[in-house]
Number of protein chains: 2
Amino acid sequence: MADPLLTSAGYLLLKAGTHFHTLIDATLAELGLNGRQLLVLTFTGSEDDLSQQMLSVRLGLDPTIIVALVDELEDRGLVVRERDPDDRRRHRLRITAKGRKVHAAAVRAVATAEKEFLAPLDRGDREALRDALVTMMTPRLPWMSGGTD
Amino acid sequence: MADPLLTSAGYLLLKAGTHFHTLIDATLAELGLNGRQLLVLTFTGSEDDLSQQMLSVRLGLDPTIIVALVDELEDRGLVVRERDPDDRRRHRLRITAKGRKVHAAAVRAVATAEKEFLAPLDRGDREALRDALVTMMTPRLPWMSGGTD
DNA sequence: TATTGTTATACTCTATAACTATA
DNA sequence: TATAGTTATAGAGTATAACAATA
């Protein structure tokens with residue numbers, strides 16, 4: 001059972017990712033959200049007047065997918081679309097007060113789930129893991145240096 | 001841009017997982033394989049006379065998905081199905097010599113891709129990352145202690 | 001002529017249920 | 001009656017292309 005592939009850092013990284021994804025989905029489902037919707041709230045909450053195009057770049061999703069995604073959040077009163085007066089093709093997305101409340105609750109829930117997921121690690125291991133992930137992923141998450149994904 | 005959620009260990013873990021998944025898919029595509037097929041070769045190569053049911057448990061996939069998965073590998077001569085004489089409902093899956101060659105090449109390719117992916121980390125960080133992943137995931141990968149996934 | 005947002009369509013993947021052959 | 005494998009069908013999710021409004 002000590003197959004080198006199955007105990008490699010890469011494979012374990014894939015497995016950790018999918019397991020955590022499952023956990024987060026279950027956690028957010030209790031709030032009626034999914035991970036994608038939480039990210040929309042996060043980005044609209046931290047960046048003003050985001051267009052749907054910009055959002056699609058942030059999320060790494062096709063712009064056509066953004067439509068239904070924003071539709072539902074707007075129907076639930078968590079974000080609003082406003083025509084950009086400077087370029088009337090664009091929608092400016094804004095989070096609502098209600099959206100901020102839901103976002104805050106979701107962030108707390110995710111933090112709790114993360115704590116549970118990382119529980120097998122001691123404090124030093126947790127910090128080492130996070131440091132390694134930051135080092136590895138920062139150059140690959142272009143919005144941190146101003147771009148995609 | 002220093003949004004706490006987007007720089008959390010959990011989110012970066014998800015991102016690392018999907019990025020690595022994309023890299024592995026591209027890497028294996030050059031060999032005409034995908035990650036799932038590589039795992040089938042890995043499990044049939046290390047465990048004798050695996051049934052499709054057992055394989056479905058190992059992979060965490062519905063048994064109905066296994067059919068087409070094994071079909072294609074069998075068509076390409078990488079694994080074979082043999083009726084289990086002790087229970088003629090069962091198929092015993094066996095990797096072929098050709099399958100072992102393809103498997104070995106794929107494992108080498110994945111190792112190279114992993115090295116590239118972890119390149120931003122120094123040796124100590126890489127070991128810390130792998131240790132943390134092993135600690136975190138070993139109790140969650142039941143076949144390591146004899147079960148699912 | 002190009003771009004934003006939108007809609008419609010086709011394709012892939014998966015889950016569910018039903019079938020067969022064996023037990 | 002239950003199980004291993006298989007097949008068929010329906011649903012979710014996605015990508016592609018086409019369209020309207022605006023630039």
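In what follows, every chain begins at residue 1, and chains take the letters A, B, ... in the order their sequences are listed. In this text, all values refer to a predicted model and were calculated from it rather than measured experimentally. All values below were derived from every heavy atom in this structure, side-chain atoms included, with hydrogens, water molecules and symmetry-related copies excluded.
Counting any heavy atom pair closer than 4.0 Å across all strands shown, Ile65(B) reaches sugar-phosphate atoms only and no base atom. Residue Arg81(B) is in sugar-phosphate contact alone, with no base atom involved, counting any heavy-atom pair closer than 4.0 Å across all strands shown. As judged by a 4.0 angstrom heavy-atom cut-off over every strand, Ser51(A) is placed among residues touching the sugar-phosphate backbone only. Here Arg36(A) lies in heavy-atom contact (under 4.0 Å) with sugar-phosphate atoms only. Using a 4.0 Å heavy-atom cutoff across all strands shown, Arg83(B) reaches no nucleic acid atom at all.
Whole-Å rounding puts the Asp25(A) CG to dG13(D) P distance at 11 Å. dT4(C) atom C1' lies 13 Å from atom CD1 of Ile66(A), rounded to whole Å. The CG-P distance, from Asp62(B) to dA10(D), rounds to 18 Å in whole Å. The distance from atom CG of Asp87(A) to atom P of dA23(D) is 6 Å, rounded to the nearest whole Å. One can place CD of Glu72(A) at 14 Å from C1' of dG13(D), the figure rounded to the nearest angstrom. Atom CD in Gln53(A) sits roughly 17 Å away from atom P in dT22(D) (whole-Å rounding). Rounded to whole angstrom, the span from the NE2 atom of His91(A) across to the P atom of dA23(D) amounts to 12 Å. Taking atom CG of Asp49(B) as the reference point, atom C1' of dA4(D) lies 16 Å away to the nearest angstrom.
Annotation: the span from Leu5(B) atom CG to Phe43(A) atom CZ amounts to 8.5 Å, rounded to 0.5 Å. Considering CE of Met136(B) and CG of Leu129(A), their distance stands at 5.5 Å, rounded to 0.5 Å. Note that OG1 of Thr18(A) and NE2 of His21(B) are 9.0 Å apart. Values are rounded to the nearest 0.5 Å.
Regarding contacts with the backbone of dT6(D), every side-chain N or O of Arg90(B) stays at 4.0 angstrom or more from both OP1 and OP2. An OP1 or OP2 oxygen of dC19(C) is reached within less than 4.0 angstrom by no side-chain nitrogen or oxygen of Arg89(B).
Remark: the Gln52(B) side chain and the Arg81(B) side chain contain an N/O donor-acceptor pair separated by less than 3.5 Å.
The base of dT22(C) lies outside donor-acceptor range of the side chain of Arg88(B), with no N or O pair under 3.5 Å.
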Report task. Could you go through the side chain to side chain contact (heavy atoms under 4.5 Å, CB included) check for Arg140(B) and Phe117(A) one step at a time? Result -> CA-CA 10 Å; Arg140(B) 290 174 168 130; Phe117(A) 192 73; 3.8 Å; yes
